[in-house]
Amino acid sequence: MTEPLNISFLGLGVMGSQMARHLGKAGHRLTVYNRTAARAQAWVAAHPGLASRVAASPAEAAEGADVVITCVGNDDDLADVVLGPSGAFQTLRRGGVFIDHTTVSARIARQIAVEGRDKELLCVDAPVSGGQSGAEAGTLSIMCGGSEASIAAARPILTAYAKRVVHVGKSGAGQTAKMANQMCLAGTLAGLSEAIRFAQSAHLDLDTLFEAISGGAAQSWQMDNRFHTMAADEFDFGFAVDWMRKDLGLAIDEARSVGASLPITALIDQFYADVQALGGGRQDTSALIRRLPRRGQA
């Protein structure tokens, strides 16, 4: 384990609350902050002894910190808690480490890195993959953008809740890697959705079909973990359709700036819009199958 550090964690949502828990259990001196103060108080009550204090603002949280970690909602939220008048960069000491786990645009990640460089901070954009279950188990995969020195400083901290930490490039590259991750995820779910509905219409036995195809080239994490729940119309497994649409939107915007064409991603984004229109915005991403009619029964 790395030596205990003064770590401030900003954002105690579904993912952040679990990451903060792992840091506290690893023995770090933890300060927590959440824009909804009641959520921070509830987290402290649920995890007695893990946090040394609850801060009233990001700037207060960053006072005396060796490391500040954020996991918030979107670009605007991140800019507010980091760069705003009461943001963490107002007080984070020179030479401190800043790690962001929010899935945001590469543009804001690069902007933060520039602001941090002026303050001699070590900044890492570090979006994660693995979902709520990975956060709870401490087995997340993290794709990191930043300098070699920044990644070296962040890596011992990230191992508290990650099984894989990969340096993918300069500042902003972590976010573009996450965009590629989400494109792969959405594409896999689209194919899996159609395959299940096709099999149901053809009156195939789904258990037998799963046995036949899950050990071959079609196998994926989504097939292993969502095939049967999708067939049963169960969609309460974490990462929501609303958040997937946000992520695919970021990818489509970034593609315009780098001159890439994403026709399949754009199409699946519209499929997810259909699921939102069906009231499935808060269901998990496997709810993509809902837009396809069930015409048969396995």
Side-chain angles (χ1 to χ4, degrees), residues 1-13 15-35 40 43-44 47 49-72 77-84 86-104 108-109 112-128 135 138 140 142-167 171 174-175:
M1 185 195 106
T2 185
E3 288 297 314
L5 297 168
N6 294 317
I7 298 180
S8 294
F9 203 102
L10 316 183
L12 298 172
M15 302 293 286
S17 62
Q18 298 300 324
M19 297 183 212
R21 176 177 61 85
H22 287 295
L23 290 168
K25 291 199 168 187
H28 295 295
R29 295 177 290 273
L30 194 62
T31 294
V32 296
Y33 166 80
N34 198 79
R35 285 171 298 166
W43 187 91
V44 170
H47 303 92
L50 289 192
S52 58
R53 67 185 180 122
V54 177
S57 71
E60 181 184 318
E63 288 177 0
D66 301 307
V67 183
V68 170
I69 303 175
T70 50
C71 189
V72 291
D77 298 331
L78 183 61
D80 182 49
V81 301
V82 177
L83 305 177
S86 298
F89 277 16
Q90 297 295 326
T91 55
L92 181 58
R93 66 170 178 81
R94 290 189 177 274
V97 178
F98 172 74
I99 302 168
D100 175 46
H101 290 309
T102 318
T103 297
V104 289
I108 188 68
I112 286 173
V114 169
E115 298 274 356
R117 190 181 312 132
D118 292 342
K119 297 175 180 291
E120 300 178 9
L121 303 178
L122 298 169
C123 295
V124 181
D125 51 286
V128 305
L140 293 168
I142 306 181
M143 47 219 89
C144 299
S147 67
E148 292 285 354
S150 297
I151 306 305
R155 190 180 295 273
I157 301 156
L158 300 177
T159 56
Y161 43 82
K163 68 176 180 181
R164 179 178 299 182
V165 177
V166 180
H167 185 192
S171 295
Q175 295 298 341

Do the side chains of P58 and V82 get nearer than 4.5 Å, heavy atoms only? no
Residue pair F89 / V68, side-chain heavy-atom distance below 4.5 Å: no
Does E60 reach the side chain of R53, with side-chain heavy atoms less than 4.5 Å apart? yes
Measure from the side-chain N and O atoms of S52 to the backbone N and O of L30, and report whether any donor-acceptor pair falls under 3.5 Å. yes
Can you confirm whether L23 sits close enough to I157 that some side-chain heavy atom of one is under 4.5 Å from a side-chain heavy atom of the other? yes
In terms of side-chain geometry, is the basic nitrogen of D77 or R35 positioned less than 4.0 Å from the acidic oxygen of its partner? yes
Kindly compute the distance separating NE2 (H167) from OG (S150), expressed to the nearest 0.5 Å. 8.0 Å
Provide the closest heavy-atom pair for L12 versus A20 in the form atom of the first, atom of the second, distance. CD2-CB, 3.9 Å
Look only at the side chain of T103 and the backbone of P127, and say whether a donor-acceptor pair between them is shorter than 3.5 Å. no
Rounded to the nearest 0.5 Å, the CD1 atom of I108 sits from the CG atom of D125 at a distance of 11.0 Å
State the CE-NE2 distance between M15 and H101, to the nearest 0.5 angstrom. 9.0 Å
Heavy-atom closest pair, residues I112 and C123: O-SG, 4.1 Å
Shortest non-hydrogen separation from A56 to Y33 and the atoms involved: O-CE1, 3.6 Å
Using only atom types and a distance under 3.5 Å, with no angle test, would you say the side chain of Q175 pairs donor to acceptor with the backbone of T102? yes
Atom of A59, atom of T91 and distance for their closest heavy-atom approach: O-OG1, 2.6 Å
Can you label the angle between the Y161 ring and the H22 ring as parallel, tilted or perpendicular, going by 30° and 60°? tilted
Run R93 and D66 through side-chain contact (heavy atoms from CB on, under 4.5 Å) and show every step you take. CA-CA 7 Å; R93 66 170 178 81; D66 301 307; 3.3 Å; yes
V72 versus L10, closest heavy-atom pair with distance: CG1-O, 3.9 Å
Report yes or no: does R155 contribute a side-chain atom to a donor-acceptor pair with the main-chain N or O of V165 at less than 3.5 Å? yes
